[in-house]
2 protein chains.
Amino acid sequence: MHKLGTLQAGPCSAAERRKDIWVTASSRRRIPEATVARLPLYYRALMETGERQVATISSERLAELAGVNAAKVRKDLSYLGSYGTRGVGYDVEYLLHEISRELGLTRDWPVAIVGIGNLGRALANYRGFGARGFRVEVLIDADPALVGHQIGDLSVVSIDDLDRVVREHNIAIGILATPAGAAQEVADRLVAAGVTSILNFAPAVCSVPEGVSMRKVDLAIELQILSFYQLRRGTGGTAPPRERTG
Amino acid sequence: MHKLGTLQAGPCSAAERRKDIWVTASSRRRIPEATVARLPLYYRALMETGERQVATISSERLAELAGVNAAKVRKDLSYLGSYGTRGVGYDVEYLLHEISRELGLTRDWPVAIVGIGNLGRALANYRGFGARGFRVEVLIDADPALVGHQIGDLSVVSIDDLDRVVREHNIAIGILATPAGAAQEVADRLVAAGVTSILNFAPAVCSVPEGVSMRKVDLAIELQILSFYQLRRGTGGTAPPRERTG
DNA sequence: CCGAGCTTGTGCACGCGTTCTCAAAGTGTG
DNA sequence: CACACTTTGAGAACGCGTGCACAAGCTCGG
Ligand SMILES: NC(=O)c1ccc[n+]([C@@H]2O[C@H](COP(=O)([O-])OP(=O)(O)OC[C@H]3O[C@@H](n4cnc5c(N)ncnc54)[C@H](O)[C@@H]3O)[C@@H](O)[C@H]2O)c1
Ligand SMILES: NC(=O)c1ccc[n+]([C@@H]2O[C@H](COP(=O)([O-])OP(=O)(O)OC[C@H]3O[C@@H](n4cnc5c(N)ncnc54)[C@H](O)[C@@H]3O)[C@@H](O)[C@H]2O)c1
């Protein structure tokens with residue numbers, strides 16, 4: 001398949017815009033969400049191994065490195081286009097480039113963290129984000145005692161200045177690390193300030209309008225899921241094969 | 001759902017996995033994984049609202065509180081048994097009890113954290129875990145400068161004492177917050193010491209033997225997924241309504 | 001005791017994701 | 001060029017999860 005061109009680059013025409021089909025400059029087909037979630041795994045696997053000196057990598061090898069099924073790797077990559085060569089494998093450099101383009105890793109994303117408590121500080125200090133183009137540029141908190149405090153080379157900004165600072169830095173991605181009670185309000189303010197992607201650590205149901213993405217990470221829930229299966233095992237069940245990739 | 005599953009452990013042990021039925025003392029039927037992941041949501045929703053004075057709650061109301069579909073709530077709860085009353089709803093207290101029993105929240109789980117860096121410290125200081133019966137009892141790190149250091153009312157223990165301390169405290173659940181490079185080795189040591197559930201924050205593929213559960217939380221991947229959809233939106237696509245329960 | 005009004009529990013259809021499988025398409029050797 | 005070997009790409013089958021729709025079952029007022 002894959003007949004109608006990946007060739008036709010450039011911004012997609014208005015005619016192509018459909019509700020359920022994702023037509024973009026980079027890829028012509030809809031990429032399943034499960035695949036999107038695995039692309040970072042492939043990216044990381046390709047980056048980490050010294051495989052880059054080798055020109056090509058097979059789906060089998062990549063599957064092994066990423067910890068998934070080989071058929072899945074092939075199907076996932078086929079959504080990006082036919083980048084492989086039969087009998088040979090995938091060109092490592094090219095694949096890396098395509099994946100990072102697809103994930104938006106070729107550009108920098110300014111990020112804001114709201115709620116500079118235990119977790120927010122840990123995130124602010126984390127060096128791993130920058131490597132993927134996620135630059136934490138703004139730290140926001142409501143606690144007056146914290147405002148102005150220096151963390152790394154950033155100074156904590158008051159929640160009152162949220163709108164201004166978020167706009168100034170052109171923030172598209174916000175990280176929410178406030179207590180649960182403040183989550184919805186802060187999310188609303190972020191959205192109002194132009195943020196369209198939110199990563200939420202607060203254990204609270206929290207809704208955002210159409211056109212804004214929100215992903216939740218709830219560590220307590222993760223523990224409870226582990227506890228569930230732990231309990232089963234103790235009472236004679238078998239372990240669940242499950243493992244999540246964010 | 002999100003369901004971003006990756007099989008793990010031994011090579012190609014996929015086929016036989018699904019076969020086994022989960023029959024335990026507590027519930028007669030197999031509970032789907034997606035349901036297990038939502039039970040904590042229901043639990044939290046029930047605990048948070050003042051709904052407890054009200055004797056019963058309808059699936060519709062609970063769905064609203066938990067941010068899911070009402071039919072889903074009913075189906076999920078039906079896996080636990082027929083605890084509802086038609087025309088009335090679910091008895092709140094009883095439902096809470098059943099869910100917490102199913103999730104193993106009626107008992108205490110001693111937890112160990114390995115890797116007391118930025119993230120490990122945040123987790124160690126977090127008060128939210130204890131409320132669900134997850135008691136962080138052991139902090140472990142390899143850095144000699146950190147060993148003996150006091151965090152909260154716990155003292156950091158050397159990685160050399162991992163086996164002994166984990167056994168002494170009867171730890172079943174371990175949290176892995178070391179750098180990626182050390183993840184597999186630490187996981188192996190935890191498993192060797194008797195840990196059968198691991199929550200892994202290190203961005204690394206990491207395998208555990210059959211009979212051990214492992215869940216991964218990779219924050220960088222979450223950001224990359226957000227970035228993917230953010231990029232699409234910019235180029236004219238529609239936003240994905242997606243939000244993870246997990 | 002009956003009927004109106006709710007709410008649960010579940011059968012069912014549908015869509016998504018996974019994985020098996022194999023033809024197609026490449027490489028390399030003699 | 002023929003042939004053996006490798007590896008991709010995709011068709012197809014299957015299983016899981018979701019959500020609609022509705023009968024079964026409960027309460028309550030009269
Ligand atoms: N720390 C962890 O390991 C951990 C684990 C799981 C979940 N969480 C969740 O992450 C969130 C943060 O946890 P934490 O331990 O960092 O909490 P924390 O109390 O240490 O920090 C919360 C911070 O948010 C700030 N804040 C409160 N209201 C605010 C508002 N309206 N606007 C801006 N800032 C505001 C507070 O001043 C504080 O600095 C919580 O929702 C918590 O449940 C944390
Ligand atoms: N901090 C964050 O916000 C964040 C975000 C995403 C992912 N992560 C991941 O979480 C993990 C921890 O992150 P961090 O920021 O806390 O890192 P960190 O470097 O601050 O802490 C790591 C700790 O692990 C200890 N350690 C190293 N090797 C060890 C071993 N073999 N046994 C026991 N302890 C060992 C180190 O002494 C250090 O104290 C990393 O894998 C990181 O990629 C962290």
Side-chain angles (χ1 to χ4, degrees), chain A residues 1-3 6 20-22 29-39 54-64 66-91 94-95 240-245, chain B residues 1-8 11-22 29-38 54-64 66-92 94-95 240-246:
Chain A
M1 72 183 280
H2 189 266
K3 291 232 137 102
T6 23
D20 47 346
I21 306 269
W22 293 65
R29 54 187 103 176
R30 198 189 81 96
I31 300 185
E33 201 174 323
T35 295
V36 174
R38 278 188 297 267
L39 290 181
V54 183
T56 63
I57 187 170
S58 72
S59 61
E60 192 129 10
R61 175 80 180 118
L62 180 52
E64 188 188 333
V68 302
N69 183 294
K72 213 183 283 186
V73 169
R74 288 200 296 275
K75 188 143 283 188
D76 284 345
L77 295 183
S78 79
Y79 287 118
L80 306 188
S82 296
Y83 295 147
T85 307
R86 302 181 180 204
V88 179
Y90 299 88
D91 183 290
Y94 188 51
L95 195 53
R242 189 84 162 92
E243 168 179 336
R244 251 213 25 236
T245 43
Chain B
M1 152 216 95
H2 186 247
K3 139 143 179 220
L4 317 158
T6 315
L7 292 186
Q8 124 138 151
C12 302
S13 48
E16 80 242 70
R17 286 284 181 68
R18 296 277 171 208
K19 199 64 191 15
D20 45 19
I21 310 276
W22 295 62
R29 54 189 107 173
R30 198 189 82 96
I31 300 185
E33 204 173 320
T35 295
V36 173
R38 277 188 299 266
V54 184
T56 63
I57 187 171
S58 72
S59 62
E60 192 128 10
R61 175 82 180 116
L62 181 51
E64 187 189 333
V68 301
N69 182 294
K72 213 183 284 187
V73 170
R74 289 199 295 276
K75 188 148 284 188
D76 284 345
L77 295 184
S78 79
Y79 288 118
L80 305 188
S82 295
Y83 294 148
T85 308
R86 301 181 181 205
V88 178
Y90 299 88
D91 183 289
V92 176
Y94 189 50
L95 194 54
R242 188 81 164 101
E243 170 177 331
R244 251 208 30 233
T245 50

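Below, each value reflects all heavy atoms present in this structure, side chains not excepted, and no hydrogens, waters or symmetry copies.
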Could you tell me how far apart [X] ([atom1]) and [N] ([atom2]) are, to the nearest whole angstrom?
X	N	atom1	atom2	answer
B/I57	C/dC6	CD1	C1'	16 Å
B/L77	C/dT10	CG	P	12 Å
B/D76	C/dG9	CG	P	12 Å
B/R38	D/dC16	CZ	C1'	12 Å
B/Y83	C/dT7	OH	P	22 Å
B/L80	C/dG9	CG	P	10 Å
B/R86	C/dT7	CZ	P	14 Å
B/D91	D/dT27	CG	P	13 Å

- [ ] Spell out, as yes or no, whether a donor-acceptor pair under 3.5 Å connects the side chain of B/S58 to the backbone of B/R61.
- [x]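 Answer holds: yes.
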
- [ ] With the side chain of A/A34 defined as its heavy atoms from C-beta on, choose the nearest nucleotide among C/dC20, C/dG17, C/dC12.
- [x] C/dG17

Open item on the list: From the set D/dG17, C/dG17, C/dT19, return the single nucleotide nearest to any side-chain atom of B/P32.
Closed with: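 Per side-chain heavy atoms of B/P32, the pick is D/dG17.
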
Any [X] side-chain nitrogen or oxygen under 4.0 Å from OP1 or OP2 of [N]:
X	N	answer
A/R74	C/dC20	no
B/Y90	C/dG9	yes
B/S59	C/dT8	yes

Task: pair B/T35-B/L77: side-chain heavy atoms closer than 4.5 Å - done: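 A side-chain contact under 4.5 Å is absent here.
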
- [ ] May I ask you to test the B/V73-B/N69 pair for a side-chain heavy-atom distance under 4.5 Å?
- [x] no

Open item on the list: As an exercise, state the distance from CG of A/L95 to CG of A/L39, rounded to the nearest 0.5 Å.
Closed with: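 Here the interatomic distance stands at 9.0 Å.
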
Open item on the list: For C/dT19, does the base pair up with any side-chain atom of A/K75 as donor and acceptor (N or O, under 3.5 Å, distance only)?
Closed with: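 Yes.
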
Open item on the list: Does A/K72 contact C/dG17 through a side-chain donor or acceptor facing the base, at a distance under 3.5 Å?
Closed with: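 There is none.
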
Task: Shortest non-hydrogen separation from A/S59 to A/Y90 and the atoms involved - done: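 Closest approach of A/S59 to A/Y90, heavy atoms only: CB-CE1, 4.0 Å.
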
